[in-house]
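Below: the structure, in C-alpha cells.
To find a chain, count down the sequence lines: A is the first, B the second, and so on, and within it residues start at 1.
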There are 4 protein chains.
Amino acid sequence: MSWLESSIMAKKGVAGGEARTRHAITEATQGTYHYVYGPFVKPTLTVDPGAVVSAETHDAFEGKIQHETDKPSEILNFPYLNPQNGPIYVNGAKKGDTLAVYIESIVPRGPQPRGTTVVMPGFGGLVSTDHTAMLHTPLPEVVKKLHITLEEGTKWNDKITLPYEPFIGTIGTSPEIEAISSLQPDYYGGNMDMPDVGVGAVVYLPVNTDGGLLYLGDCHAAQGDGELCGVAIEHPTVTTVRIDLIKDWTIKWPRLETADFIMSIGSARPLEDAARVAYRDLIRWMAADYGFTEMDAYMLLTQAGRVRLGNMVDPKYTMGASIKKAYLG
Amino acid sequence: MSWLESSIMAKKGVAGGEARTRHAITEATQGTYHYVYGPFVKPTLTVDPGAVVSAETHDAFEGKIQHETDKPSEILNFPYLNPQNGPIYVNGAKKGDTLAVYIESIVPRGPQPRGTTVVMPGFGGLVSTDHTAMLHTPLPEVVKKLHITLEEGTKWNDKITLPYEPFIGTIGTSPEIEAISSLQPDYYGGNMDMPDVGVGAVVYLPVNTDGGLLYLGDCHAAQGDGELCGVAIEHPTVTTVRIDLIKDWTIKWPRLETADFIMSIGSARPLEDAARVAYRDLIRWMAADYGFTEMDAYMLLTQAGRVRLGNMVDPKYTMGASIKKAYLG
Amino acid sequence: MSWLESSIMAKKGVAGGEARTRHAITEATQGTYHYVYGPFVKPTLTVDPGAVVSAETHDAFEGKIQHETDKPSEILNFPYLNPQNGPIYVNGAKKGDTLAVYIESIVPRGPQPRGTTVVMPGFGGLVSTDHTAMLHTPLPEVVKKLHITLEEGTKWNDKITLPYEPFIGTIGTSPEIEAISSLQPDYYGGNMDMPDVGVGAVVYLPVNTDGGLLYLGDCHAAQGDGELCGVAIEHPTVTTVRIDLIKDWTIKWPRLETADFIMSIGSARPLEDAARVAYRDLIRWMAADYGFTEMDAYMLLTQAGRVRLGNMVDPKYTMGASIKKAYLG
Amino acid sequence: MSWLESSIMAKKGVAGGEARTRHAITEATQGTYHYVYGPFVKPTLTVDPGAVVSAETHDAFEGKIQHETDKPSEILNFPYLNPQNGPIYVNGAKKGDTLAVYIESIVPRGPQPRGTTVVMPGFGGLVSTDHTAMLHTPLPEVVKKLHITLEEGTKWNDKITLPYEPFIGTIGTSPEIEAISSLQPDYYGGNMDMPDVGVGAVVYLPVNTDGGLLYLGDCHAAQGDGELCGVAIEHPTVTTVRIDLIKDWTIKWPRLETADFIMSIGSARPLEDAARVAYRDLIRWMAADYGFTEMDAYMLLTQAGRVRLGNMVDPKYTMGASIKKAYLG
C-alpha cells in the first residue's frame, strides 16, 4: 500500500484520491499555450475529480532555443514566455475549495539535445534585473543545450552527469479576476520553481473561481535551490497528474504532501517574507488539522522545521516550510 | 505662459499638449467600475490625443464605508476593491508609445462626511499582513469619517485641519496580456499612491497595448509619505485630466513632470529595489534626453537627487526619484 | 527669540539649552581620529552640559584623495575609513539619558579643491556590493574634486552650482559594550547620512554608557536623498555643536527637532524596516509626549507624515519620519 | 581513513589537520565569558596550530532561565546575552590567513532539564522586532525546559523526541577593529545558527587580526531551519574543536566542509542578500580552487546548488550555499 492511500487527497478528495478516468492534452489539442494564469480563456479540458491527465508540456522557451549559438535576447519575446497547458476545468470546484494534484510521472520528450539552460541579460539571482536595478554591463549571454534521458539524467559535461530529478516548475489555479504572467509565483501557485513539486508528491492548490482552472508547464529535469541564474534545465515532457477536488477545505497558499512531510509554500519579496508566509501557513495548518496550538507549532518548527528555497529569481521569491509527518502525532 | 507649454507633453505630444475636446465619464456612463488593469474589457471611452476627460471617481471602498461604526472587514469584499474609471482608449496609441496625462483638477464630490480612512486587519505598514506574515493579533478596526471641502481641506479633528492636497492614487495603462489588481502598482502605473501625482503635474505612462487603455481612480484628499496605515483620506471626486500621446517614446516605468522637476517612479519590494528602479530610470532618462553620461547622472543625483516615498503598504512599494530641472541644463 | 528657546533641549536639558562654555578640538588635540563608535578609547574632551565644541573634522577619506587621477581602491585602506572626532565625555550622562546636540555651524576648511566625491568598486546604491553580491564587473573608478565655499556652495561644473547645505554625516554616542565601524548607522546614530542633521537642528541621541561618548565627523557640503553612489560631497570642516544632557529621557533611536518638525530616525535593512523603525518610534514619541493614542498617531501620520531617505548605501539604510509641530497641538 | 585526511584543512593546514596538543577551557579558566567578538580582551588561551580545545560552553542565557515559570524579559539583561568562550589566540595567525576548525564532539552537560527554549517579546521570525517594527501587542512569553541526553536526544513532549543533532550556534574570529555583539553573524562568523556547523564538519574562518582570536559558544541540541522563534534548544556543553591555521588563504566569508560537500555561508539582510553572498562566494571558491570559470560555476549551481537557511531572526540572516564534492571533479 502506498502512502498515497493515507494522504489528505485520499481522505478528503471527492474521488478518494483514486484514478478514475484518463485524458490527454497533446500539443494539437492544447493548440494555443497560455502565458497568463487567468479566467479569461476557455478550458482546454473539462474533467471530473479522479481524472488523470497527461499533458505534452513545452519547455519554458517553447522550444525556440535550439542551438548554443542562439541569442535568447533576440529570440525570446517577452511577455510571451513560459507557455502553459490548460486550463483544466474541474467539475464541482468552487471558490473556497482546494484542488489536489498528485504528480504521477514526468517523462522527457522531443529530439536531443532536449535540455536548455541559458544566462540572459536582466535575469538571474546574481545580476542586475528590472527590479534590483543596477548600472552594470550585463553578463555575456550563454546557451547550453543538454542531452537528457529518463534513465541517465542530464549529461552536463564530460565529467558531470546530473540525475533526472524532474518537477513541475509552474503549476497553479486561476486567480478570481486577475490574469497574471506565468512567470510569477503567488498564492495560487504559478512559477514556484520548487523542486519538491516532483513525482510522487501531492500539491494542494486553492480554488479561486469556478472549475479551479488548473494550468501547468515549465518542467525541469533538475534544479538547484534558488534556480540561481534564473533558468533550470528546461525541457519538454509528458507530465501526468491525477486531479482530485477537496470541497470546503480553504487554503490561502499552495501546500504539498509527500510520504514523509507536509509543506506550505510562500512566494513574496523580500525573501524573508516568503519564509514568513510559508512558516505561518504551516503553523496555521498544524493548528487547524493536527491539534497544535499556534504557540506549540511555532516552537516545534523552531526546532524541527525545514525550509527549501525554490527560486530567488522570479517576480516573487518562493520558499517552502515543512515538518516531518512523524512529528505530527 | 504656463510651464506646461514647455513641457515634454507640449513638445512631443501629438496634440502639442493642447486641450482639444472635452468628455465626461459619469457614474452612469462608467457603469461597471473595474478592479483590474487589463485588456479584457471594452473601453468606456475612445478619444483622440488632446482629449480632456472629467471622471466621476469613487473612493477606494466604492462608498461602502459610511459610518464610523462600520466594520471594513465585514463590508469589504476582496478583491473587489479600489474601483477604477476607464479604460479610455486613445486613438493611435501603440505599444512602445507613451501617454501623457496632465492633471487639470480634482474636486471632491458626494455628501459629507465624504472622506474615509480606516485601520483594518492585515493591511498597513506597521502590522502583520498576508506577506509580512506574523502571528500577532490584529490591531482593532477603526473607521474615521471626515468632512472635506476644496477650500478648507480635511477637518481631522477639532484641532487639526489638513490642507486639501489631492492627487490620483491609482492611474495607469493596461498591461499587454495581464490583468492585474488595481491594488497593485507596477511598471504601468496603477496603485502608486504617490502624492506628486497631483493637480498641475504631468504623468507619463508606457503604452503596452493598442489604445493604451488608461484607467484611473482612488483619489486622496491628503496623504502622508508611505500611506502608513494603508488607507489615505479616500474620497469621491470629479477628476479632470488632459490626455496626449507621445509616439515612439518608449519608457519602462511611469515618469512625472512638474514646473520644477522631473521624476521617475519605481514600484518593487523590498523598498530599496523601488528606489533603485526609480533612480536608474532617472539616470537613463537624463542620459537619453539631457546630455548626461550615466556616470555623470549617477554622481549628480548622489548630490542633488530627491526621493519621495509613495506607499510602503501596497503589493509593491513605490518611490519616486527626482531632479530639479534647474540642474538639467 | 529663536525657536530653540522652546525646544525640547531648552525645556529638558540640564543646561536649559544654553551655551555656557566653549571648547575646541583641533587636529592636534584630537590626535588619532577614530574608526569605530565604542567605549574602548579615552575621551578627547570632557565637558559639562552647555558646552559648545568646535571640532576640526576630516573628510571621510581623511584627506587622502587629492587628485582626480587618484585610485580610491588603491589609496583607501578599509576599515580605516570615515575618521571621527571625539569621543566627548559629558559629565553626568548615564545609560538611559539622552544627549541633545544643537548644530550651531558647519564651515568648510582646507585648501581648494576641498570637496571630494568618488565612485569606487563595491560601494553604492546601484552596484554590486559585499552584501548585494552580484557577478558583474565593477563600474570604472571616478574621482571628482570640487571647489567649495560657504557663500557660493559647490561648483559642480561650469553649468551647475549646488548650494552649500552642509550637515553632519556621522554623529552618535558609543554603544555600551560594542565598538562598531563609523561606516555604520544604528540606534546610537553613526553614519546616518541624513541631510536634516544640518545647521539649526537639534539631534537627540541615546546615552548607552557613562559620559555618552559623543563622536562626530564626515560632514557633507551637499547630498541627495539616499547618497546614491555612496559618497556625498565630502569635505573637511570646522563644525560647532552645543551639547546638553537630558536626564531620564530614554530614547531608542536618534531623534531630531527643527523649528518646524520633529523626526525619528531609523536605520535597518531592508529599507522598509528603516521606515518602520522611524515611523514606530515617532508614533511612540507622539504617544508619550504629545497626548496621542498610538492608533491616533498611526492614522494622523498616514495623512501627514513625511519621510526623508538618508542613505541607501551604508551597512544599514537610514530613513527619517517626521511630523510638523503644527499638528502636535 | 577519514575524509578529514583529504580535507582542505589537512592539505593546507600548518599542522596538516592533525591533533597535536590538548587543552581545556573550563568555566573556571574562562572566568568572564564575552558578549562581543572583538580584539579588546586578553586571550583565554594561546595555542599552536594542531591544538584540540575542549570548552565548557554556557547556554545562550548563561543558565539563567531555570524554570518554566521564569520571565525571560525580566531575567535577561540585554546586551549581556549569548556568552562566548575564548578568545583563543592561534600562534602565527595573521590578517589574510584562515583558521580551520574541525568540530570533534559536542556533549551536553549540566543538571536536567538542561535544555531551554523560549518565546520572548520582540524576538523571533514571525513577530514584531526592534527592526521589523510593528504596533502589535507581543505574543505571550513562554519558557520550555527540556531533558536532553547524548543518546536519546531531546524529549520535546510525551509524543515527540528530537534526535540529538548538536551544533555550534556561534563561532568566529575577531574583527580587526570592531567589537560586535555575539548575537550577530557576519563575515567573521558569529551567531550564524547554521545547523551544518555540527560534529564532523570543518569550519573555515577569516583571520582579521593577529592570532585570529577564536570565540565560540551557544551550542544547540537541535534546531529547525531559520530558528523560527529565535531560540533553538539551548544547552550547556563540552564542545571540542581541533584548530589549524591555513597561511595565505584569504577568505571573505565563513566556509564549511564535510565529507560530501563544501559550503559558503553568508549573513545579511534582506534574506536574498544572504543567499547572494553565499552563492557568490561559492562561485568564487569554485573558480579559484576547482577549475571552474565563474560562468560555469554560476550555471552548475543553478542546477545542483543547495541552500540551507541558518537563521531568519538574528541581526543579520544567515544562509549557506553548497555543492556536492562529487561535482567538483
Side-chain angles (χ1 to χ4, degrees), chain A residues 34-41 77-81 122 128-137 174-184 186-187 208 252-253 264 266-284 287 293-295 297-298 315-317 321, chain B residues 34-41 77-81 122 128-137 174-184 186-187 208 252-253 264 266-284 287 293-295 297-298 315-317 321:
Chain A
H34 299 293
Y35 307 98
V36 294
Y37 275 59
F40 302 109
V41 293
N77 181 23
F78 182 85
Y80 301 93
L81 289 172
S128 170
T129 66
D130 280 355
H131 286 88
T132 305
M134 304 272 167
L135 294 177
H136 296 289
T137 304
S174 174
E176 184 174 354
I177 62 171
E178 292 182 289
I180 298 179
S181 166
S182 55
L183 295 171
Q184 174 154 330
D186 215 322
Y187 65 91
N208 308 296
K252 296 273 192 178
W253 289 89
S264 289
S267 295
R269 290 191 181 197
L271 189 53
E272 55 264 40
D273 274 1
R276 287 172 176 144
V277 165
Y279 259 135
R280 185 175 73 175
D281 189 70
L282 184 55
I283 286 170
R284 291 181 169 174
T293 65
E294 286 202 2
M295 290 299 283
Y298 185 40
K316 295 189 177 186
Y317 305 140
Chain B
H34 298 293
Y35 308 99
V36 294
Y37 276 61
F40 302 110
V41 292
N77 181 22
F78 181 85
Y80 300 93
L81 288 171
S128 170
T129 67
D130 280 357
H131 286 88
T132 305
M134 304 272 166
L135 294 177
H136 295 289
T137 304
S174 175
E176 182 173 356
I177 63 172
E178 292 182 289
I180 298 180
S181 167
S182 55
L183 295 171
Q184 174 156 331
D186 214 324
Y187 64 92
N208 308 296
K252 295 273 191 178
W253 289 90
S264 288
S267 294
R269 289 193 183 197
L271 189 54
E272 57 263 38
D273 275 2
R276 286 170 177 146
V277 166
Y279 260 134
R280 185 176 72 177
D281 188 70
L282 183 55
I283 287 169
R284 290 182 170 174
T293 65
E294 287 203 1
M295 290 299 283
Y298 185 41
K316 296 189 176 185
Y317 306 139

Derivation and outcome, side-chain contact (heavy atoms from CB on, under 4.5 Å), residues B/R269 and A/D273: CA-CA 10 Å; B/R269 289 193 183 197; A/D273 274 1; 4.1 Å; yes

When you look at B/H131 and A/K316, which way does the side-chain contact (heavy atoms from CB on, under 4.5 Å) test go after all the steps? CA-CA 11 Å; B/H131 286 88; A/K316 295 189 177 186; 3.3 Å; yes

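Between chain B and the residues A/I180, A/L271, A/I177, A/V277, the most heavy-atom pairs under 4.5 angstrom are made by A/I177. The residue among B/K252, B/R276, B/E294 with the most heavy atom pairs within less than 4.5 Å of chain A is B/R276. Listed options A/Y37, A/Y35, A/Y80 were ranked by heavy-atom pairs under 4.5 angstrom with chain B; first place goes to A/Y80.
Interface remark: A/S128 contributes side-chain atoms only to the contact with chain B (heavy atom separation under 4.5 Å). With a 4.5 Å cut-off on non-hydrogen atoms, B/M295 does not touch chain A at all. Within the 4.5 angstrom heavy-atom criterion, only side-chain atoms of A/F40, from C-beta onward, approach chain B.
Put simply, OG1 on A/T132 and CD on B/E272 are 8.5 Å apart, with the number rounded to the nearest 0.5 Å. Here B/L135 contributes atom CG and A/R284 contributes atom CZ; the two are 7.5 Å apart, rounded to the nearest 0.5 Å.
In this structure, B/P79 and A/E176 have side chains that are in contact, with non-hydrogen atoms separated by less than 4.5 Å.
The heavy-atom pair separating A/T129 from B/R280 by the smallest distance is O-NH2, 3.3 Å.
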